[in-house]
Amino acid sequence: MNDFASMPELILLPAVDVADGKAVRLTQGEAGTETNYGDPVDAALDFARQGAQWIHLVDLDAAFGRGSNAGIMRKVIRQVKGVQVELSGGIRDDRTLEAALESGAARINLGTAALENPEWAADVIGRYGDVIAVGLDVRGTTLAARGWTREGGDLWTVLDRLEAAGCSRYVVTDVTKDGTLQGPNVDLLREMTTRTPKPIVASGGVSSLDDIAALRELVPLGVEGSIIGKALYAGAFTLAEALDVAGH
């Protein structure tokens with residue numbers, strides 16, 4: 001039995017997903033399943049007060065190609081001083097990437113673009129290195145693209161391509177688990193750690209402090225962190241409690 005207290009910490013990234021100017025949560029990434037949780041700035045500041053080192057900030061309207069919350073994203077990033085922000089949603093060309101980089105985000109998460117435009121993604125990874133993470137949204141071992149409505153190819157084929165391009169970090173979401181509070185896909189994450197030496201951020205399904213403990217046990221294998229969304233908004237536990245279990 002491992003001495004849990006001596007295990008390396010799991011970095012937690014509480015999620016602030018923004019649609020129509022409000023902080024929302026989706027179920028399985030589907031448009032139309034939003035639950036509204038109010039002002040994104042308030043949500044981010046609350047996480048910062050509870051000790052967040054990172055926040056995962058998503059522009060859902062940009063991700064679904066139905067608009068932009070760029071102004072609000074910049075406001076959130078400005079307000080949460082001392083907290084690093086991973087920005088995601090609709091970053092798929094030079095213009096949207098430049099805007100994301102100028103927003104003050106510490107890390108940019110490419111999603112659909114990395115699947116649909118591999119040459120551009122490889123170029124961006126080459127230019128910006130550690131600032132770029134690639135989001136891999138998975139159903140089984142098939143990738144889901146653009147707002148999770150289309151298939152984006154085989155996970156392992158795309159991973160090999162991204163590895164060859166020098167991608168520095170992957171954000172792995174099991175779409176079937178996301179927003180369902182059914183627990184993370186530990187088997188998928190374990191498999192990912194055997195396929196890449198790069199750090200992996202887990203996303204989707206965290207429902208309890210036990211789930212966080214289970215993910216922390218994967219840190220020595222290469223799972224660096226976990227994005228937590230619905231469980232925090234639903235009151236399953238507080239971020240402070242989660243950070244304690246994660247080793248902070």
Is any side-chain heavy atom of Val16 closer than 4.5 Å to one of Phe47?
yes

Honestly curious: do Leu143 and Leu162 fall in one hydrophobic cluster under the side-chain, below-4.5 Å linking rule?
yes

Working for side-chain contact (heavy atoms from CB on, under 4.5 Å), residues Val24 and Val18:
CA-CA 6 Å; Val24 302; Val18 183; over 6 Å; no

Looking at Ile72 and Pro40, what are the two nearest heavy atoms and their distance?
CG2-CG, 3.9 Å

Search all heavy atoms of Arg216 against all heavy atoms of Glu9 and return the closest pair with its distance.
NE-CA, 4.2 Å

Out of the candidates Ile228, Val201, Ile55, only one should pair with Leu13 under the side chain to side chain contact (heavy atoms under 4.5 Å, CB included) rule; please name it.
Val201

To the closest 0.5 Å, what do you measure between OG (Ser207) and CD (Gln182)?
8.5 Å

Geometric class of the Tyr37/Tyr233 ring pair [parallel <30°, tilted 30-60°, perpendicular >60°]:
tilted

Distance in Å, Thr193 OG1 paired with Lys198 NZ, rounded so as to fall on 0.5 Å steps
14.0 Å

Indicate whether the side chain of Asp174 and that of Thr176 have a donor and an acceptor atom separated by less than 3.5 Å.
yes

Give the minimum heavy-atom separation between Val76 and Ala44, together with the two atoms involved.
CG1-CB, 3.6 Å

Do Leu209 and Leu189 belong together in a cluster built from hydrophobic side chains that touch within less than 4.5 Å?
yes

Linked, directly or transitively: Val58 and Ile11 (ILVMFWY side chains, under 4.5 Å):
no

Are Val134 and Leu188 co-members of a hydrophobic cluster defined by side-chain heavy atoms under 4.5 Å apart?
yes

Is there a side-chain contact between Trp120 and Leu110 (heavy atoms, below 4.5 Å)?
yes

Should Leu155 and Met192 count as side-chain neighbours, where that means a heavy-atom distance under 4.5 Å?
yes

With side chains defined as the heavy atoms from C-beta onward, is the minimum distance between Leu97 and Val124 less than 4.5 Å?
yes

Does atom CZ (Arg95) have a neighbourhood of more than 12 heavy atoms from anything else shown, all under 6.0 Å?
no

Is any side-chain heavy atom of Val80 less than 4.5 Å from a side-chain heavy atom of Val85?
yes

Which atoms form the tightest heavy-atom contact between Ala15 and Ile227, and what is the distance?
CB-CG2, 3.8 Å

Tell me if a side-chain donor or acceptor on Arg107 pairs with a main-chain N or O of Ala133 at a distance below 3.5 Å.
no

Do Pro14 and His56 touch side chain to side chain, with heavy atoms closer than 4.5 Å?
no

Is atom CZ of Arg195 surrounded by more than 12 heavy atoms (other residues, nucleotides or ligands) closer than 6.0 Å?
yes

Between Asp130 and Arg169 (salt bridge meaning N to carboxylate O under 4.0 Å), is one present in this structure?
yes

Is the closest side-chain heavy-atom distance between Val158 and Asp154 below 4.5 Å?
no

Taking the side chain from Glu241 and the backbone from Thr238, do they hold a donor-acceptor pair closer than 3.5 Å?
yes

Do Arg161 and Trp156 meet the cation-pi criteria used here (NZ or CZ under 6.0 Å from the six-membered ring centre, within 45° of the axis)?
no

Applying side-chain contact (heavy atoms from CB on, under 4.5 Å) to Leu221 and Arg190, what does each step give before you reach the verdict?
CA-CA 8 Å; Leu221 301 180; Arg190 278 183 184 278; 3.5 Å; yes

CG-CG distance between Asp46 and Leu239, expressed to the nearest 0.5 angstrom:
8.0 Å

How many angstroms lie between atom CD1 of Ile132 and atom SG of Cys167, to the nearest 0.5 angstrom?
9.0 Å

So, taking the atom named CG in Leu136 and the one named CG in Leu115, what distance separates them when rounded to the nearest 0.5 Å?
7.0 Å

One should read off an interatomic distance between Asp59 CG and Arg66 CZ, to the nearest 0.5 angstrom, of 9.0 Å

Cluster question for you: counting only ILVMFWY and a side-chain heavy-atom cut-off of under 4.5 Å, with indirect links fine, are Met73 and Trp54 together?
no

Would you name the heavy atoms of Gly205 and Asp211 that are closest together and state the gap between them?
O-OD2, 3.8 Å

Is Asn69 reaching over with its side chain to a backbone N or O of Gly21, donor-acceptor style, under 3.5 angstrom?
yes

Check step by step if side-chain contact (heavy atoms from CB on, under 4.5 Å) holds for Ile212 and Phe237.
CA-CA 11 Å; Ile212 293 167; Phe237 48 79; 3.8 Å; yes

Between the side chains of Arg92 and Glu116, is the shortest nitrogen-to-carboxylate-oxygen separation below 4.0 Å, so that they form an ion pair?
no

Does a donor on one side chain and an acceptor on the other come within less than 3.5 Å for Glu224 and Tyr170?
no

Would you say the side chains of Asp93 and Thr96 form a donor-acceptor pair under 3.5 Å?
yes

In the structure I gave you, are the side-chain heavy atoms of Ser103 and Arg78 within less than 4.5 Å of one another anywhere?
no

Would you say the side-chain atoms of His248 pair up with the backbone N or O of Leu10, donor to acceptor, closer than 3.5 Å?
yes

Evaluate side-chain contact (heavy atoms from CB on, under 4.5 Å) for Val172 paired with Ser203, printing each intermediate quantity in order.
CA-CA 6 Å; Val172 180; Ser203 172; over 6 Å; no

